[in-house]
Amino acid sequence: MDREQIISKLNKEQQEAVLASEGPVLILAGAGSGKTRVLVHRIAYLIDVCGVAPYNILAITFTNKAAEEMRQRVDDMIGFGAGEIWVMTFHACCVRILRRHAEEIGFTRYFSIYDRDDQESVMKDILKRRKIDPKVISHKAVLNAISSAKDELITPEKYARLNKEWGQVKIADLYAEYQDKLKENNAMDFDDLISRTVALFEERPDILELYRRKFQYISVDEYQDTNTAQFRLVKLLADEHRNLCVVGDDDQSIYKFRGANIRNILNFEEYFPDAKVVKLERNYRSTQNILNAANEVIRHNRGRKSKRLWTDVGDGEKIRFKRYETGYAEAEAVAREIAQAVGRRERHYKDYAVLYRTNAQSRLFEEKCLLLNVPYKLVGGVNFYSRREIKDVLAYLKTIDNAVDDVASTRIINVPKRGIGATTITKIATYAADGGISFFDAAAAAKDIPGLSSATAKKVAVFTDFIAGLRRKSGELKVSDLIGEILNETGYLEALQAEGTEEAEDRLDNLDELRNKAVQYEENADSPSLSGFLEEVALIADIDTVDDNDDRVLLMTLHAAKGLEFPVVYMTGMEEGIFPSAMSINSSDSDEEVEEERRLCYVGITRAREQLTMTMAYERMMRGEMHPMMPSRFIHEMPREVVDLGKGSQASRTKPDLGNAGFGRSMREAITAKPYAPKPGNGAFTGAYGRSDEDMNSGYSSAYSRSGADRNGGAYSSPYKSPYSKPAQNKSSAPASASSGRIGSGELGYEVGDKVRHVKFGVGTVREIRNMGRDHQVTVDFPSWGVKKLLAGFAKLVREE
DNA sequence: TATATAGTGTTTTTT
DNA sequence: ACACTATATA
């Protein structure tokens, strides 16, 4: 293609961005402004017009899905040679470089990649061995501190130099040990992938030179989400030729908690004073109403590069704001609306995305979709690859592939059960530590380990022999066959099949799925290998597996929705404390954190093409308790005229002074100003505000079918009683039932205050009897043994006359 | 050694 | 509400 062909279908700013091929470029791309289009055209321009070799191009994206999409579009545009371009995520790019130079930094090319789970087992182990009370220093807190340090390229030594407080000194120490442990295991965590690549480049100018020469033209997508380490990496690679094009939107920076440094984008022009800056404000995705809402909300943030999205497609529908009694009602109403629209053939399921702030909210939507037969895909939450059965199989594969990965081998040495218990595992681990060998090698030498009985050593040998056998065969066996062999030979499948529970069925399905993925990998990879498969699996995010052709509603967090778009979007749980999260509101630098939440809101709003609905619940179940909720401040921040409150909405009914006209653009006065406070006790829905019929219906029906009665075995009877008042709990120490009168009388033959005899403890006094459902827990005070809690069915207590 | 249960803490977002 | 840990018991 020639220059004219490439730029002919782009707007003026986009053309400018595409044509600025040399030198540093900062593209401030508002949501939906066609930045992927620009990036793709830019690459085409570099190759077809500037004569750059595809081999010399590096395009970094945020997710594998984005990489795939970009690769596809580049393929379509330039055809031959596109395969040579590196289009991938930071992490994938670093792994590729690190595998090649692993030996030079003390690893082998088979190094494992540890996910959060693996990191946790390493850290727990360290804390345990150091006898540190996890209540004083939690493994999670340590890992978070380490992760933040790595994002900032702070080594353990530097961390120790920088931090002198007691807790921090401890962390520095643990950090150092953690790094040693990972190295021993020939493993790296996600953060290491970046920081070790940076370290490699800084220590070995010769290697850096290699990649500088290779990557002549670099582009970075979602630049606002890069952290210090990633920025340093890019800077190292681009410093010489300075052909660096970054694309980002400071308003969409939502990963500060992961170390994203918003200054990277705000200060780009300081690092590169000669940078060309292009602003893309024309939006090709949403209606003007949606854009107005987004613009107005984000305007409440300070310190941003000002920009204002616009479109010429017209106003479109207003944004709908709907309120429901509870989270259950909210979820049901959303699912029902979708089902109805699809039923009327107005929409496909895949036109919809249901977004929420936290993964915990997903369960309700999942339940209601199931109930109403709405096909859905849940993105995130429990990642496919972090399910137990999947991790088990992967641990087998890792043990075969990376013999020194102790986390992997300890995980599966007794899975399925081989009669190797915690004591044995500790003995093997100690032996390994003393001899400076890996856990697996120690296990292979079980018969030499003092203190292990020959019977135990034999059990261990069964395991190590099995792995050794597979290791021999791993060269010629395909990954999928290897998986099959593991599942069959260990009896893993058999054990699951024997269980016969629904959960076991799910697990079997997941294992099938894993085998399918392996087959897919074998078909698609250039040169399939066990390490290659493990790497792909480690770096895949849930969102990467979303299939655009699948006709399903997508359920996901607002974070996961970044970079995507949908005709219809529901933003749910629009409540203070949920969104913005209580965490951000109560934080010590609340202003900044709420601004990040606001950006998240902006991201959510701008996902919608045609219709956007925001929903909230008056009451929400959190940590097992019902809480009254107030509308999110972000609702107030939207301009009044783009929002539809729905007919018969409470605002116009109970606040006649606000009516339908005559007040300012702010939503603040137009909607509920006070939290909905159900009267305790009577529980009827007589809050201060009237409700639309729709709200009424969904509120009640859902509450009845879901909240009270069903889950407590019909414990609550009257429809006039609040479905939300807590029914008496079975385990409560109050009388188990009104009719039985005295506690535990009848079946047990004794009651509180009675003297009872126990085979071992002798005679004691019954202090308490708790109904545990099937059995009773009896608290007995034995004069010579103290107070014991016994199960009536077990203890065989006999009343003493 | 394996299992069942009670007690405890916990939650934002993720490559 | 849920998951994880510590404890008790066969």
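So you know, we letter chains A, B, ... as the sequences are listed, proteins then strands, and number each from 1. Fair warning: this is a prediction, and the values are worked out from it, not measured in the lab.
Using the six-membered ring where Trp is involved, A:Phe62 and A:Tyr255 have ring planes that are tilted, between 30° and 60° apart.
The separation between A:Asp115 atom CG and B:dT14 atom P is 14 Å, rounded to whole Å. Between A:Phe257 atom CZ and B:dT13 atom P the separation is 8 Å, expressed in whole Å. Remark: P of B:dT15 and NZ of A:Lys150 are 18 Å apart, rounded to the nearest angstrom. As rounded to whole Å, 10 Å separates atom P of C:dA1 from atom CE of A:Met626. Atom CG of A:Asn359 and atom C1' of C:dC2 are 15 Å apart (whole Å). When the P atom of B:dT14 is taken as reference, atom CD of A:Glu120 falls 15 Å away, rounded to whole Å. Whole-Å rounding puts the A:Tyr356 OH to B:dT11 C1' distance at 15 Å. Rounded to whole Å, the distance from CG on A:Asn414 to C1' on B:dT3 is 13 Å.
Proximity note for A:Lys140 (side chain, C-beta onward) versus C:dC4, B:dT14, B:dT11: the nearest is B:dT11. With distances taken from any side-chain atom of A:Lys417 to the nucleotides B:dT12, B:dT15, B:dA2, the minimum falls on B:dA2. Comparing B:dA2, C:dC4, B:dT12 by their closest approach to the side chain of A:Lys124 singles out C:dC4. The listed nucleotides are B:dT15, B:dT12, C:dC2; the one nearest the side chain of A:Glu597 is B:dT12. When distances run from any side-chain atom of A:Arg258 to the nucleotides C:dC2, B:dT14, B:dT12, the shortest one goes to B:dT14. Among the nucleotides B:dT3, C:dC2, B:dT13, the one closest to any side-chain atom of A:Thr358 is B:dT13. In this structure, the nucleotide among B:dT15, B:dT13, B:dA2 sitting nearest to the side chain of A:Thr89 is B:dT15. Minimum atom distance to the side chain of A:Phe190 is reached by B:dT15, of the listed B:dT13, B:dT12, B:dT15.
Using a distance-only test at 3.5 Å, with no hydrogens or angles considered, no donor-acceptor pair links the side chain of A:Asp125 to the main chain of A:Ser121. Counting only distance, with no hydrogens or angles, the side chain of A:Arg599 and the backbone of A:Gln252 share no donor-acceptor pair below 3.5 Å.
Sequence neighbours left out, the pairs with a member in residues 577-602 of chain A that pass ring-ring contact (aromatic ring centres under 6.0 Å, His included) are A:Phe579-A:Phe634.
Here A:Phe579 lies out of heavy-atom contact (under 4.0 Å) with every strand. Using a 4.0 Å heavy-atom cutoff across all strands shown, A:Glu222 reaches no nucleic acid atom at all. No engagement by A:Thr63 is indicated, since no non-hydrogen atom pair under 4.0 Å with the nucleic acid exists. Looking at heavy-atom distances under 4.0 Å, A:Tyr255 makes contact with sugar-phosphate atoms alone, never a base.
Residue A:Ser584 places none of its side-chain N or O atoms closer than 4.0 Å to OP1 or OP2 of B:dT12.
With both ends at atom P, the span from C:dC4 to B:dT13 equals 15 Å, rounded to whole Å.
Ion pairing of A:Glu535 with A:Arg96 is absent here, as no side-chain N (NZ or NE/NH1/NH2) approaches a carboxylate O to less than 4.0 Å.
Each of A:Thr424 and A:Arg357 has a nearest nucleotide on DNA chain B; the 5'-most of these lies closest to A:Thr424.
Counting heavy atoms from C-beta outward, A:Leu600 and A:His559 have side chains that approach closer than 4.5 Å.
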